[in-house]
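Here is the structure we will look at, set down as structure tokens.
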Amino acid sequence: MSSKLVIRQPQPVMDSRESDQWGSGICDCCDNVPECCFAFWCYPCFACKTSRDYGQCLCLPLLDIGFIPPITMSMRVSMRERYGIKDTMCRDCVYATFCTACSWCQMSREMKRRNIQIVLVSAKNS
């Protein structure tokens with residue numbers, strides 16, 4: 001019986017062709033009309049669903065109180081960081097304050113667009 005000593009393990013590589021921009025604009029609600037209608041007619045439910053899909057607490061958006069909604073803004077910033085989207089805090093603040101429902105729609109579209117699987121490249125079975 002012979003044994004092999006493994007010196008170097010194959011490393012997982014994430015092959016991504018994503019851009020560093022949002023996949024859709026803030027007003028591109030026509031990209032997914034049913035989702036847009038859901039957000040317009042039942043915004044709190046839509047925001048809670050999107051928050052849960054992102055991996056956060058289901059009821060987190062219900063804490064959005066005040067002139068500048070802190071949860072919406074922090075979710076946008078978190079999503080930009082997770083997906084490497086280049087944008088500004090100022091724009092996040094404006095969208096969170098004046099385009100709240102559209103902002104949640106944009107985040108939901110982005111999550112669906114970037115739902116990529118991790119693919120192992122050059123991994124060998126020996």
Side-chain angles (χ1 to χ4, degrees):
M1 174 191 242
S2 67
S3 62
K4 278 187 169 178
L5 177 62
V6 177
I7 297 172
R8 213 168 111 202
Q9 292 286 338
Q11 297 297 313
V13 176
M14 192 157 108
D15 183 24
S16 175
R17 293 176 197 91
E18 301 299 324
S19 99
D20 61 353
Q21 301 296 317
W22 287 99
S24 61
I26 193 74
C27 295
D28 288 344
C29 289
C30 291
D31 288 356
N32 190 336
V33 175
E35 191 171 82
C36 182
C37 290
F38 179 26
F40 179 76
W41 293 109
C42 192
Y43 162 71
C45 296
F46 180 78
C48 289
K49 177 197 163 302
T50 304
S51 176
R52 184 199 62 210
D53 292 347
Y54 189 64
Q56 297 298 321
C57 176
L58 174 70
C59 298
L60 186 64
L62 299 178
L63 300 174
D64 246 351
I65 53 174
F67 180 67
I68 299 173
I71 305 303
T72 302
M73 186 164 168
S74 61
M75 285 286 289
R76 282 187 65 84
V77 171
S78 173
M79 189 166 290
R80 283 194 307 105
E81 290 296 316
R82 179 181 287 184
Y83 296 135
I85 298 170
K86 293 181 181 173
D87 213 337
T88 63
M89 289 286 287
C90 180
R91 190 172 296 170
D92 289 335
C93 183
V94 169
Y95 289 162
T97 304
F98 299 108
C99 310
T100 310
C102 291
S103 184
W104 281 97
C105 283
Q106 183 185 37
M107 290 188 285
S108 178
R109 288 190 305 269
E110 197 67 26
M111 285 189 306
K112 287 182 175 107
R113 181 177 163 269
R114 296 196 186 234
N115 187 16
I116 57 173
Q117 300 295 320
I118 294 177
V119 178
L120 290 177
V121 178
S122 300
K124 297 177 184 175
N125 289 336
S126 22

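What you are looking at is a predicted structure, and each value in this text was computed from that prediction instead of being measured. In what follows, every heavy atom counts, from backbone to side chain, and hydrogens, waters and symmetry copies are set aside.
By the side chain to side chain donor-acceptor pair (under 3.5 Å) test, S24 is found to be paired with R109, residues two or more places apart in sequence or in another chain being considered. Residues passing the side chain to side chain donor-acceptor pair (under 3.5 Å) test with S78, sequence neighbours excluded: Y54. With sequence neighbours left out, R82 forms a salt bridge (charged side-chain N to carboxylate O under 4.0 Å, His left out) with no residue at all.
The nearest pair of heavy atoms linking Q21 to R113 is O-NH1, 4.4 Å. Residues Q106 and G25 approach most closely at NE2-C, 3.6 Å, considering heavy atoms.
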Donor-acceptor contacts, no H, no angles, side chain residues 45-52, under 3.5 Å, sequence neighbours left out:
residue	atom	partner	partner atom	Å
K49	NZ	D53	OD2	2.8
T50	OG1	F46	O	2.9
S51	OG	C57	O	2.9

Kindly list each side-chain donor-acceptor pair under 3.5 angstrom involving residues 64-71, sequence neighbours excluded, with atom names and distances?
residue	atom	partner	partner atom	Å
D64	OD1	I71	N	2.7
D64	OD1	T72	N	3.4
D64	OD2	T72	N	3.3
D64	OD2	T72	OG1	2.5

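Clustering of Ile, Leu, Val, Met, Phe, Trp and Tyr by side-chain heavy atoms under 4.5 Å joins F40 with W41.
Under a hydrophobic-cluster definition in which Ile, Leu, Val, Met, Phe, Trp and Tyr are linked whenever side-chain heavy atoms come within less than 4.5 Å, directly or via other members, Y43 and F38 are assigned to the same cluster. In terms of hydrophobic clustering, with Ile, Leu, Val, Met, Phe, Trp and Tyr side chains grouped at heavy-atom distances under 4.5 Å, W22 and F98 are assigned to different clusters. Linking Ile, Leu, Val, Met, Phe, Trp and Tyr residues whenever their side-chain heavy atoms come within less than 4.5 Å places W104 and M79 in a single cluster. In terms of hydrophobic clustering, with Ile, Leu, Val, Met, Phe, Trp and Tyr side chains grouped at heavy-atom distances under 4.5 Å, M73 and L63 are assigned to different clusters. The cluster map of Ile, Leu, Val, Met, Phe, Trp and Tyr, joined by side-chain heavy atoms under 4.5 Å apart, puts I26 and Y83 in different clusters.
One N or O on the side chain of E110 and one on the backbone of G23 form a donor-acceptor pair closer than 3.5 Å. Under a 3.5 Å cut-off, the side chain of R80 and the backbone N or O of D87 do form a donor-acceptor pair.
Among residues at least two apart or in separate chains, salt bridge (Lys or Arg N to Asp or Glu O under 4.0 Å) pairs with a member in residues 24-45 are E35-K112.
Counting only heavy atoms from C-beta outward, the side chains of C29 and C102 approach each other to under 4.5 Å.
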